[in-house]
Amino acid sequence: MAQAYQLLLSECCHNNLISLYLEVAEQPRFMPFEKRNQYLLKRLKAQYKKPINKPIKSDIKKMIVRAQSVSLEGQLLKLNRLIANNQVLKRAETNWVDFLVRLTDSGYVVEVSNLKQPAQENRLYVVKDEIFNTLEQSGTVGPLSLFAYLSSKDDIDKLSALIEQDECYNIDEQISFDNHAKLSLVQIE
């Protein structure tokens with residue numbers, strides 16, 4: 001998603017949810033699902049006509065059309081969570097790739113592995129799509145694995161020292177055997 005599109009969609013979600021919750025707070029009684037949907041539907045129809053919302057017009061229309069069968073509040077919450085997760089993944093991916101480039105610049109050979117191919121000596125391996133699989137409920141990326149198959153135990157120690165000096169990742173756990181190691185790396189916030 002383009003940055004401006006994401007921002008506009010996120011603002012639309014936030015503004016509508018805040019407006020709904022302010023309306024609910026002003027009501028003396030519980031506001032049922034139907035009334036919440038009516039309130040949000042009225043707001044979305046007004047926003048659909050605004051020229052500033054042209055990039056997200058189709059998304060607003062989809063919500064308007066589906067208003068009779070789904071909770072608009074729930075849809076806005078899901079959409080907002082999806083945008084937030086997308087931004088977390090984008091940042092995490094960028095940091096991970098930058099980190100791997102720094103390792104490559106330090107003289108290491110980094111390869112993407114599916115864990116089925118045999119390992120070759122003097123290589124570091126990362127697991128394909130692991131960053132997507134470790135996205136936690138808290139909205140952060142969990143530990144990422146780096147597998148090392150180097151010439152000696154000293155080379156593993158040098159790699160560990162290099163990673164500990166990095167400003168983006170720290171070693172959370174290290175399992176080593178001779179010239180093999182599995183490093184679990186966590187992103188520094």
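Positions are given from 1 along the sequence.
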Legend entry - Enclosure of I52 CD1 (heavy-atom neighbours >12, cutoff 6.0 Å): no
Legend entry - Q47 side chain reached by N16 side chain, heavy atoms, under 4.5 Å: yes
Legend entry - Point-to-point distance, once rounded to the nearest 0.5 Å, from CZ of R66 to NZ of K61: 15.0 Å
Inset, instruction - Report yes if some heavy atom in the side chain of N80 is under 4.5 Å from a heavy atom in the side chain of L76; otherwise report no. - result: no
Inset, instruction - State, with a plain yes or no, whether a side-chain heavy atom of N179 is found less than 4.5 Å away from one of D155. - result: no
Legend entry - Side chain proximity check, N122 to V109, heavy atoms < 4.5 angstrom: no
Inset, instruction - Check whether any side-chain heavy atom of Y108 sits under 4.5 Å from a side-chain heavy atom of L100, and report yes or no. - result: no
Inset, instruction - Using modelled atom types only, decide if a donor and an acceptor are shared between the side chain of D59 and the backbone of L9 within a distance under 3.5 Å. - result: no
Inset, instruction - Start with the C-alpha gap between Y169 and N95, add the side-chain angles, then the distance that decides, and say whether side-chain contact (heavy atoms from CB on, under 4.5 Å) holds. - result: CA-CA 9 Å; Y169 287 93; N95 289 341; 4.0 Å; yes
Legend entry - No-hydrogen, no-angle side-chain donor-acceptor test under 3.5 Å, E34 and Q38: no
Inset, instruction - Spell out, yes or no, whether L185 and V101 are grouped together once hydrophobic residues are joined by side-chain heavy atoms under 4.5 Å, including indirect joins. - result: no
Legend entry - Considering all heavy atoms, the nearest A67-N37 contact: O-ND2, 2.8 Å
Inset, instruction - Give a yes or no on whether the backbone of L82 and the side-chain of N86 come within a donor-acceptor separation of less than 3.5 Å. - result: no
Inset, instruction - Please report the C-alpha distance between H14 and S10 in whole Å, then the side-chain angles of each, then the deciding distance to 0.1 Å, and finally whether the side-chain contact (heavy atoms from CB on, under 4.5 Å) criterion is met. - result: CA-CA 6 Å; H14 285 149; S10 182; 3.4 Å; yes
Inset, instruction - Measure up the Y149 and H180 rings against each other and bin them: parallel (under 30°), tilted (30 to 60°), perpendicular (over 60°). - result: parallel
Inset, instruction - Could you tell me whether D98 and R102 have a side-chain N and a carboxylate O separated by less than 4.0 Å? - result: no
Legend entry - Non-hydrogen atoms of S113 and Y125 that approach each other most closely: CB-CD2, 3.8 Å
Inset, instruction - State, to 0.1 Å, how close I188 and E167 come at their nearest heavy-atom pair, and which atoms those are. - result: CD1-O, 3.6 Å
Legend entry - From OG (S58) to OH (Y48), nearest 0.5 Å: 8.5 Å
Legend entry - V112-V110 co-clustered via ILVMFWY side chain contacts under 4.5 Å: yes
Legend entry - L183 with V186, same ILVMFWY side-chain cluster at under 4.5 Å: no
Legend entry - ILVMFWY network linking L162 to I156, side-chain heavy atoms under 4.5 angstrom: yes
Inset, instruction - Nearest 0.5 Å please: distance from the CD atom of E26 over to the CE atom of M31. - result: 10.0 Å
Inset, instruction - Determine the minimum heavy-atom distance between Q75 and V70, stating which atoms define it. - result: CG-CG2, 3.8 Å
Inset, instruction - Tell me, yes or no, whether the heavy-atom count around Q68 atom CD, taken from other residues, nucleotides or ligands under 6.0 Å, exceeds 12. - result: no
Inset, instruction - Supply the atom-to-atom distance S152 OG to D157 CG, rounded to the nearest 0.5 angstrom. - result: 8.0 Å
Legend entry - Chi angles and distances behind the salt bridge (charged side-chain N to carboxylate O under 4.0 Å, His left out) call for K158, D154: CA-CA 6 Å; K158 288 177 189 173; D154 290 339; over 6 Å; no
Legend entry - Point-to-point distance, once rounded to the nearest 0.5 Å, from CD of E11 to CD1 of I18: 10.5 Å
Inset, instruction - Flag the pair F147 / V126 as yes when at least one side-chain heavy-atom distance between them is below 4.5 Å, and no otherwise. - result: no
Legend entry - Main-chain N/O of K90 paired with T94 side-chain donor or acceptor, under 3.5 Å: yes
Legend entry - Least distance between heavy atoms, K182 atom then S145 atom: CE-OG, 3.5 Å
Legend entry - Nearest-0.5 Å distance, CD1 of residue I163 to CG of residue L103: 6.0 Å
Legend entry - Path from L79 to Y21 over hydrophobic side-chain contacts below 4.5 Å: yes
Inset, instruction - Would you check if L20 and E73 make a side-chain contact, meaning some heavy-atom pair closer than 4.5 Å? - result: yes
Inset, instruction - Taking the side chain as every heavy atom from C-beta outward, state whether L72 and L44 have any pair of such atoms under 4.5 Å apart. - result: yes
Legend entry - Between Q174 and S160: side-chain donor-acceptor atoms closer than 3.5 Å: yes
Inset, instruction - Using modelled atom types only, decide if a donor and an acceptor are shared between the side chain of N53 and the backbone of I56 within a distance under 3.5 Å. - result: no
